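Read the structure below first, then the notes.
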Amino acid sequence: MSKPAFLVFRGCIIDTPSLGTLRVRSNGALGVDLSSGRIIGVADRESRETPATELVTRWIGQSVDGSAVQTTDLSDDQFLMPGLIDTHTHAPQFTYLGLGHDLPLMDWLEKYTFKHESQFQDTNLARSFYNSAIARVIRNGVTFAAYYGTIHLQSNVILADTIRNAGQRAFVGKVCMDAHSPSYYCETTLQSLEHTEEFVNAVLGHGRADDANVLVKPIITPRFVPTCSKQCLEGLGKLAQKYALPVQSHLCENPDEISFSMQCFPDRTSYSDIYRHAGLFGPRTIMAHCVHMTDNDIELVRQNGVGISHCPNSNFSLSSGIADVRRFIAEGIPVGLGTDVGGGYAPSILDAMRMAAAANRALIASRRDAGAPGGNDRPIDANELLFMATQGGAHVMGMGDQLGSMDTGKLFDALVVDLNVRNSPVPSSSNTLAVHEQLQTNLEQAWRLRAEQFVFLADDRNITRVYVAGKLIHSL
Ligand code: GUN
Ligand code: FE
């Protein structure tokens, strides 16, 4: 039998095309062209009786042979949704996952992070650890992630190769640190810049940074202001421009970090202004945390089109604080979710959605109790959380027009979710009276309730298939 050229899914399709909008197509159909990895058509209401070849013919405007189409009929407990996007994580920090959350940021970096990351000088260690870390991220339904590696050129290339071989979409950054770093984990400015450029060329190969079909791309990665000299930041700004690359770093995570950064750059008006002045602030920049932002920080982030990676698990676990996501959204700043492993202990965007909900409610309650503005804000709901985990994340990664929803023309990075798996943490419909009732009368409303339960209850057992650009990269 010849290899299929098209995929067709029939059943429930759920996505969030805009913030707060949950689109449920309970009797939907969706087609994928495997040569482009893109969605060729979506039907809102389609009879299960319509042959898949007829659907593909309708979508591409020419007839196709039955053997060219592989069809998946989703069960009554399954739905199709966009892949989850982790806008901020550290691949080497899986080596001490769940440890050291008793320290604040700067002490935690010193005591745990730098020591563990320095071991990645050993390429054999990198190869084996990165293999299992990436498999774990994929198992959690993350189709696209922005990874930090370490300072080591070779091990970073191994990380990028590992991700490419696993079929995940990713940005991978060689971490740069040439100042205020321990002697065993530090580079010269020249090394930092030269190795970054070598890494960029090694990962890009003959590919172009703006080609959406290239799965793994380099990202310029100054660790954060305290560990980077002015020359290093400015050199990285020039490299980002020369190769048209995205940029990632940490911003306003912790009060001690901020005051040290401002001491290092006394002429700048804010933490954000340090990055902006070095040419690192633009629409392809991802800034993680943003917990303690001044008005000037927010204004510069907004003006420059920077995206924010909200990392609530890490912000709780390292006692960093709570980022004001509602304010970012009100300012029109793109917001996605990040796990920030190992500042955060969970390599799961489902966890990030829940932690984002908890952070938002804690902020509202503390303001209410203090009689402060925002004490009556509407809590961020499940639909908004799902948006941040998918379409919002895609915006932050600079690919909002290519990814994040189930629309014709977009890349098919997607999950099949099954609520009827062994030991499912999401109850089957018969155990949830409200869902059970709606299933008899209003299928779309039943799926809305089930999507909410997915956000708050599901885990990797429910993610039974993971696709990137049409390719199945994980299945249970
Ligand atoms: N700031 C600088 N480096 C790091 C890191 O590895 N994790 C977190 N959470 N913050 C940082
Ligand atoms: Fe981080």
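Remember, it's 1-based here, ligands and their atoms both numbered in the order they're listed. Please read these numbers as outputs of a predicted model, since none were measured by experiment.
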Would you mind checking which non-hydrogen protein atom is closest to [atom], with the distance to 0.1 Å?
atom                    : answer
atom 9 (N) of ligand 1  : D340 OD2, 2.6 Å
atom 10 (N) of ligand 1 : E253 OE1, 2.7 Å
atom 6 (O) of ligand 1  : R223 NH2, 2.7 Å

Query raised in the report: Using heavy atoms and a threshold below 4.0 Å, how should the contact between L109 and ligand 1 be classified: side chain, backbone, both, or neither?
Result: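 Under 4.0 Å from ligand 1, L109 contributes side-chain atoms alone.
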Query - Proximity of Y112 to ligand 1 by residue part, where a heavy atom lies under 4.0 Å - result: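 It is neither; nothing of Y112 touches ligand 1.
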Mind telling me whether [Y] and [X] have parallel, tilted or perpendicular rings, with 30° and 60° as the class edges?
X    : Y    : value
H250 : H289 : parallel
H88  : Y148 : perpendicular
F129 : F120 : tilted

Would [X] count as a contact for the Fe ion (ligand 2), in the sense that one of its N, O or S atoms lies under 2.8 Å from it?
X    : value
C311 : no
E253 : no
H289 : no

Report task. Kindly indicate whether the side chain of N131, heavy atoms from C-beta on, has any atom under 4.5 Å from the side chain of I134. Result ->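 When only atoms from C-beta onward are counted, I134 and N131 do not touch, as no gap falls below 4.5 Å.
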**Report entry** Side-chain heavy-atom pair L105, E110 within 4.5 angstrom cut-off
**Finding:**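 SC-SC contact between L105 and E110 ruled out.
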What atoms in ligand 1 come closer than 4.0 Å to a heavy atom of [X]?
X    : value
L105 : 8 (C), 10 (N), 11 (C)
H289 : 9 (N)
F224 : 1 (N), 2 (C)
H90  : 5 (C), 6 (O), 7 (N)

Query - N or O contact, T113 vs ligand 1, cut-off under 3.5 Å - result: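 Between T113 and ligand 1, no N or O pair is found under 3.5 Å apart.
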Requested in this report: Verify, without hydrogens or angle tests, whether E331 (side chain) and F328 (backbone) share a donor-acceptor contact under 3.5 angstrom.
Outcome: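 No, because the side chain of E331 does not come within donor-acceptor range (under 3.5 Å) of the backbone of F328.
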Tell me whether [X] is salt-bridged to [Y], with the criterion being a basic N under 4.0 Å from an acidic carboxylate O.
X    : Y    : result
E197 : K174 : no
R276 : D273 : yes
R23  : D15  : yes

Query raised in the report: So what does the H88 NE2 - the Fe ion (ligand 2) - H250 NE2 angle come to, to 10°?
Result: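 It is 90°, given to the nearest 10°.
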Query raised in the report: To the nearest 10°, what's the angle at the Fe ion (ligand 2) between atoms OD1 (D340) and NE2 (H90)?
Result: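 Taking the Fe ion (ligand 2) as the apex, I get 90° for this pair.
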Requested in this report: Please verify whether a non-hydrogen atom of E257 lies at under 4.0 Å from ligand 1.
Outcome: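 E257: no contact with ligand 1 (<4.0 Å).
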Query raised in the report: Does ligand 1 have an atom under 4.0 Å from some heavy atom of W108?
Result: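 Contact present.
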Query raised in the report: Distance only, no hydrogens: is a donor on one side chain within 3.5 Å (strictly under) of an acceptor on the other, for T221 and Q248?
Result: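 Q248 and T221 do have a side-chain donor-acceptor pair below 3.5 Å.
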**Report entry** Atom pair CG/OG of L337 and S348 - distance to nearest 0.5 Å
**Finding:**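 These two atoms lie 10.5 Å from each other.
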